[in-house]
S.K.: 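Pasting a structure below so you can have a look.
From a predicted model like this one, the values you see are computed outputs, not experimental measurements.
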Amino acid sequence: MRINPFKEFVFGGWDLSGGVSKVTADGNESELLWQAGGTPDSFICSNDLGQWSLQVEKCGSKAVIHSSVSLSAPVKHLLFSVLECQDIPFDHLLTSAMKMGGCKVFMPPVEEEKSFDSFYTFALSSGNTTLLITHPLDLGCWAKVSGRVKDHCVSLDICAEADHFSGVEITFPDVTFELGNGITMLQDYAGNNIEIDRQFPVPQPGWNTWDYYRWTITENEVLKNAEFIARDPVLSKHIKRIIIDDGWQYCYGEWHANSYFPSGMKKLAAEIRKLNFTPGLWVAPVCVEPHARIAQLDYDMLALSEGGQPTLAFECMRRNAFVLDPTVEKSRKFLRELFDRLIGDGFGYFKLDFLAALLNARRYHDQSIQRSQIMRHLMQSITDGVNGRAEIMGCNYPYMAGNRFVSISRVGGDIHSDWDNIKGNTLHVAYRFWMNKKLWINDPDFALCRGVETSDYPDTLQPILVLCKPEMEYIKVINNTYSNATERELEVLLSIVLMAAGAVNLSDDLTKLNEAGLSLARKVVAAESGETAVPLDLFSAELPAKWMQKLSHGGRFLLVNWFDEPQEFKLDVPNLPDKATDFWKGKTITVPDEIVLAPHSCLLLEY
């Protein structure tokens, strides 16, 4: 007799009781018809693929689904939809990407149907109530919430996948449904997903070469900025790292200095240390460009295509690369020796980038390892090489690898000194607030101070020229300099960086900032880090406009006008004092009941 395991799945105004379970194996789909199991709230199903089991624990406003399968034989591509339901109404919907950036918010009506994939956390909200659907960060196998939104409704597919897995026993990640306050539930989720419980030190500000110099960085420009910081009475007191980003190496996969660094990286690291900074280095450890020796001579170290051959699994700005397969011992040995050598050269901080490219490959040599665990094998090899001698920051780091391997992780997408980009990047920083100083230090990306009013030379390089194809007509956007932000727009960006309470990294040619730009730089690196700010309207607004942050003595309140017209705001926020300091103006003001903010501006109060 068929039984519905989800008949009691009603959470506030969200009724998921009509959901069904399905499985797709190598392209063939079938519904799972559950029957009663051996214990209450347990269910079983037998089909040609094997024996399926489901257990539902429901208590009040919370439910957890446990599921597993014992396959008759390995399946090349397996997609298990533990719960698929249609036409669920919503007022506010938040999705989370697998790695930095990528978060989305939907508010009805959604005129054109849009699809999404949400990893780890997925939130439906109405008023002050949120339904949070979560998988653990440490996924036993690949899992997500997929869906489609249209008008006022969303259709959901809460699913797990196993690809090219040679095993037959699969325990799927638990799915948790919880109704309550969204902020509190995310904070609890962080506590439940801590693998390594660290006492995080106060984040140390740094300077990074990428945003201004990109691939044109030279050792002379690195030292010019390092010496400038060392001479500045404020910057020298607070900036602790000088990080050399992409552009120092011969190529991806051959991590040796190119001709722009004629003295070599060991000597440059020594010069940076003489100025009392920790030298940091950017590495893309999984990427191997086609002209690297590994790609030519040791291609057995590379991850594979669907058909089982080494494949170009990485592409960025028209730059293509293979990816290392960390299930191969030769690849693991290469990584251990690489980081041992770089530490020997004097580097004490590594920014590891393009890590998620590893998951673009379709197959790996050792098929006994689940796809969701591949990143952990990569990171274990790197941490073995580092052996506690340097700090590791993960960029494009899939959060499923957990907090064991990195002490800093990017949460924001790539930032530019451009209003649309500043605006678009804020949601990614806001929705990951719960990670900061619990799992790792959040990195919102660069604290840029370069703009049309704050720099003598605001223009940056034009990396998107690579998007211009021979047959294309002239397109103005390809000449976008990405440095057109005004001073007040940069104040918004830097305020969000302060609210993130995580990493603060300048990334301008500091010698070309004018007094206004230098003032911004000095203020942001000298400011107290504080606790992670709570975006008060995260679950009700398209972009959070009100943020609250605790400091060691007092706090900060941020109010942002994201619109193109002046906006009037009520400062009806609990615990705001009568007097506070306008952070950017440096003046004590009486806190008003209402305020009108100019377009693209903010009010940052400190008290």
Side-chain angles (χ1 to χ4, degrees), residues 2-25 29-47 49-71 78-88 90 93-96 116-124 130-147 154-162 169-180 182 185-186 188-189 192-193 370 372 400:
R2 180 179 178 180
I3 298 176
N4 177 11
F6 314 114
K7 63 181 180 180
E8 296 182 359
F9 266 49
V10 179
F11 303 89
W14 294 283
D15 185 352
L16 311 183
S17 61
V20 298
S21 300
K22 295 181 179 180
V23 61
T24 303
E29 180 184 294
S30 59
E31 184 176 343
L32 294 178
L33 305 179
W34 297 109
Q35 298 178 335
T39 60
D41 300 321
S42 68
F43 309 88
I44 58 174
C45 177
S46 178
N47 62 10
L49 294 172
Q51 301 292 323
W52 301 79
S53 66
L54 189 80
Q55 184 177 4
V56 178
E57 296 180 7
K58 192 170 191 301
C59 182
S61 61
K62 185 174 181 177
V64 182
I65 299 177
H66 313 279
S67 56
S68 63
V69 64
S70 179
L71 295 170
L78 182 71
L79 174 64
F80 170 44
S81 297
V82 61
L83 178 59
E84 190 176 286
C85 44
Q86 307 293 322
D87 298 328
I88 307 300
F90 71 96
L93 185 156
L94 267 174
T95 74
S96 175
F116 62 82
D117 290 325
S118 189
F119 290 84
Y120 323 117
T121 65
F122 171 79
L124 294 172
T130 295
L131 173 61
L132 190 68
I133 303 175
T134 62
H135 292 102
L137 287 187
D138 185 4
L139 299 173
C141 67
W142 198 270
K144 60 186 177 181
V145 177
S146 293
V154 57
S155 296
L156 299 178
D157 181 4
I158 304 168
C159 58
E161 302 176 47
E169 301 293 334
I170 302 176
T171 298
F172 299 105
D174 288 349
V175 188
T176 300
F177 302 76
E178 188 170 7
L179 192 69
M185 290 189 296
L186 285 176
D188 291 343
Y189 178 77
N192 294 332
N193 283 273
Q370 284 271 28
S372 64
M400 67 182 71

S.K.: Determine whether C141 and E161 satisfy the following criterion, side chain to side chain contact (heavy atoms under 4.5 Å, CB included), listing intermediate values before the conclusion.
M.R.: CA-CA 6 Å; C141 67; E161 302 176 47; over 6 Å; no
S.K.: Could you pull out the closest heavy-atom pair between G12 and L179, with the gap in Å?
M.R.: N-CD2, 3.5 Å
S.K.: Could you tell me which residues satisfy side chain to side chain contact (heavy atoms under 4.5 Å, CB included) with D41, sequence neighbours excluded, listed by chain and number?
M.R.: none
S.K.: Can you tell if the side chain of D87 reaches within under 4.5 Å of the side chain of S155, non-hydrogen atoms only?
M.R.: yes
S.K.: So, using salt bridge (charged side-chain N to carboxylate O under 4.0 Å, His left out) as the criterion, who are the partners of E31 when residues are at least two apart?
M.R.: R2
S.K.: Is it true that a side-chain atom of N4 and a backbone atom of S17 form a donor plus acceptor pair closer than 3.5 Å?
M.R.: yes
S.K.: Apply side chain to side chain contact (heavy atoms under 4.5 Å, CB included) to the pair L131 and F90, showing each step before the final yes or no.
M.R.: CA-CA 10 Å; L131 173 61; F90 71 96; over 6 Å; no
S.K.: Looking only at heavy atoms, what is the nearest atom pair of F11 and A63, with distance?
M.R.: CZ-CB, 3.9 Å
S.K.: Any donor and acceptor pair, going by atom type alone, linking the side chain of S21 with main-chain N or O of V82 inside 3.5 Å?
M.R.: yes
S.K.: Find out whether I158 and E84 are in side-chain contact, i.e. whether some heavy atom of one side chain is under 4.5 Å from a heavy atom of the other.
M.R.: no
S.K.: I want to check something: taking the side chain as every heavy atom from C-beta on, are L83 and F9 in contact at a cut-off of under 4.5 Å?
M.R.: yes
S.K.: List for me each residue that meets ring pair (Phe, Tyr, Trp, His ring centres under 6.0 Å) alongside F116, sequence neighbours excluded, and say none if there are none.
M.R.: F122
S.K.: What heavy-atom pair brings N193 and L137 nearest, and what distance separates the two atoms?
M.R.: OD1-N, 2.9 Å
S.K.: Is any NZ, NE, NH1 or NH2 atom of the basic residue among K58 and E8 found under 4.0 Å from an Asp or Glu carboxylate oxygen of the other?
M.R.: no
S.K.: Locate the shortest heavy-atom distance separating G140 from P173; write the atom from each residue and the value.
M.R.: N-CG, 3.9 Å
S.K.: Hey, which of L16, V64, T134, L132 is the one that makes side chain to side chain contact (heavy atoms under 4.5 Å, CB included) with F177?
M.R.: L16
S.K.: Just say parallel, tilted or perpendicular for the rings of F172 and W52, cut-offs at 30° and 60°.
M.R.: parallel
S.K.: Per the side-chain hydrogen bond (donor to acceptor under 3.5 Å, both in side chains) rule, which among D117, T95, D157 passes with S146?
M.R.: D117
S.K.: Any side-chain heavy atom of F80 within less than 4.5 Å of one from V69?
M.R.: no
S.K.: Given side chains that start at C-beta, do those of K22 and L79 come closer than 4.5 Å, heavy atoms only?
M.R.: no
S.K.: Given side chain to side chain contact (heavy atoms under 4.5 Å, CB included), test M400 with Y120 step by step and report yes or no.
M.R.: CA-CA 8 Å; M400 67 182 71; Y120 323 117; 3.8 Å; yes
S.K.: Verify the distance criterion only: is there a donor paired with an acceptor across the side chains of S42 and Q55 at less than 3.5 Å?
M.R.: no
S.K.: Would you say that M185 contacts T121 through its side chain, given a criterion of any heavy-atom pair below 4.5 Å between the two side chains?
M.R.: no
